[in-house]
Amino acid sequence: MEDHQIVELYWQRSENAIGETSQKYGKMLKSLSFSLLSSTEDAEECVNDTYLEAWNSMPEDRPSYLGAYLAKIIRCLSISRFRSSHRLKRGGMGNITEELTDCIPDGFDPQRDYESGELRQTINRFLFELSEEKRRIFVRRYFYSDSIPDIARRMDLSVSKVKTTLFRLRAELKEQLEKEGFSL
Amino acid sequence: MSRKSHMGHVNRMDHENRKRFAEYLFDEIGLIDDRYIAQAEFAYAPSSSARPAKPSWSSRRILITAVTLSLLLACILSVFVGNQLQKGAKEDAAPTAPMESMGNNSADNAGASRSTVSLRLQALRAETEHLRLSADSLPLFDGTPRIIWKYSDESGYRAMALSEQEKNQLLTLLFQNKGSRLSPETAEAVKSLDGIWIALGDGSVISPCLEQSAGNVGFGSLFEYDPELEPSSAFTEYLCDILS
C-alpha cells in the first residue's frame, strides 16, 4: 500500500491503519530502535508507542513520507528511553555521539543558546550539497544509527570506504558549522 | 588548586561541553528533511552482476550528443512558453503599490521582494487562466515538478510545470538563502495575498514562506498555511524569471 493510502486510513480512523503500517514499516522501525537501545524488548515497546503516537497525531498531520515521519517518532522515543535509563552501553548511541564530537567547530561556545531550528537548517543545507551516496551514508549512520559494516553491506561498499567517507563528512560538517557561525 | 588538577578540571569541563554539543547535534539530525530520511531508507546497491558494462567511446559520444540536443530543445521550448505567458503582461503598478495596500511594512525590510512576486503573479492572472485547477485535480504525484500559486480571492490554484533545472535551482536558492522572518503584523497582511508552493511531483510540496521544521510537514501545505518567512531576494528574482 502506498504511503498516502495508509495515511488516509489514519484520517478515516480505520482499524487497518496500524496493521498496514506494521506490515510496511514495522521491521525498519524495530531495527532503528534496536540500533539505539540494543534491547529487543525496549525496541518493541518503542515500536508500539510509535504506532500510538502516529494514531494520535493523524488526522492533523498528513505526512508525505510516512516512513520518515514514523522514523523520526521512534528515534525520538528511543533516545528518550536511552537517556532516562542512564545506561551507558558499548556501541549504539554512545559511539555515534562520540564520533560527532569531530564535528564540533573550533572555538565553539558551550554557553551559547542556539536558536531553535538553526542547527537543523544548517544540517539540511549541508546534506543538500552532498552527492546522493554520501548523503545516504551520513543519514544511515547518524539518523538510523546503522553500524558501519551494515552500511557497507547495504550499499555494496567496503567498510574502509564507508569509514573514510564518514570521516570526511564529519570534517565537512564541522567546516559548514564554522562557516555558519557556530563558533566564536 | 594545583596547576595539574586545574588543567584536569578544565579538560573534564571541555570534554563534557563537547559531549553535550555532540548530543545536541545528534538530536537535531533526528529532525532533518523527510526526503533525506526516505531516500536513505531505501538505500541499496544493485548487485555486481547487474551492473551495466562500461559504455564504449562511441556510445558515450552518442549519449553526450543526445543529452546536449535534449537540453537545447528544452531551452527553446522554455523560451517559447515564456514568451506565450508574457504576451500582454505589463507591470503597470509601481513596485511600492502592494506595500501601500498592506500598510506600513517598511520595518520588515522585505517589501521589494514581496512586491515583485505579488506584482508578477497579479500581472499573469489573465494569461494563466487556462492553468487553473481545483485542489482535487492538482497533479502532485505524476513525477513532474511544478510551481503552484493561488490568488486569495479565487478558489482554484494555478500550476505550471518546471524543468528539472528550474526546480533544482529554486530548491538550491531556497536552501542556501534563508528568507527573513516576518513580524506577526506583516504575516497577517501577507496571508491575505498569494500563496506559492513548489510541488516536487512525488506528493511533497515546499513553500518558500515557511520554515523547515518537523511541524511544517514537507514545510508546506496546499490547504492553508500562515507564512513565517519572506522569500529571499535571490529566490524571488529567479522565480520571477521563470514566471515571466
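Per chain, numbering begins at 1; letters A, B, ... match sequence-line order. Just so we're clear, the structure is a prediction, and the values are computed from it rather than from any experiment.
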Any donor-acceptor N/O pair, A/Asn124 side chain to B/Asp33 backbone, under 3.5 Å: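 Flag set: sc A/Asn124 to bb B/Asp33 pair under 3.5 Å.
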When A/Gly67, A/Ala68, A/Cys103 are compared by non-hydrogen pairs under 4.5 Å with chain B, the top option: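 Top option by heavy-atom pairs under 4.5 Å: A/Ala68.
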Winner by heavy-atom pair count (cut-off under 4.5 Å) against chain B, out of A/Glu99, A/Arg75, A/Glu98: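 Top count of heavy-atom pairs under 4.5 Å with chain B: A/Arg75.
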Ring pair (Phe, Tyr, Trp, His ring centres under 6.0 Å) partners for A/Phe126, two or more places apart: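 Ring pair (Phe, Tyr, Trp, His ring centres under 6.0 Å) check on A/Phe126 returns A/Phe138.
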Side chains of [X] and [Y]: closer than 4.5 Å at any heavy-atom pair?
{"X": "A/Lys72", "Y": "B/Asp34", "result": "yes"}
{"X": "A/Thr97", "Y": "B/Leu25", "result": "no"}
{"X": "A/Tyr65", "Y": "B/Ile37", "result": "no"}

Other residues, nucleotides, ligands: >12 heavy atoms within 6.0 Å of A/Gln5 CD: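 For A/Gln5, atom CD is crowded (more than 12 foreign heavy atoms under 6.0 Å).
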Neighbours of chain B found in residues 18-34 of chain A - heavy atoms under 4.5 Å: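 Counting heavy atoms that sit under 4.5 Å from chain B, the residues of residues 18-34 of chain A involved are A/Tyr25, A/Met28.
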Under-4.0 Å salt bridge between A/Arg83 and B/Asp27: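 Answer for the salt bridge query: yes.
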Pi-cation contact, A/Phe128 with B/Arg35 (under 6.0 Å, within 45°):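 No, B/Arg35 does not sit over the ring of A/Phe128.
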Contact origin within A/Tyr144 toward chain B - heavy atom pairs under 4.5 Å: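 Just the side chain, heavy atoms under 4.5 Å.
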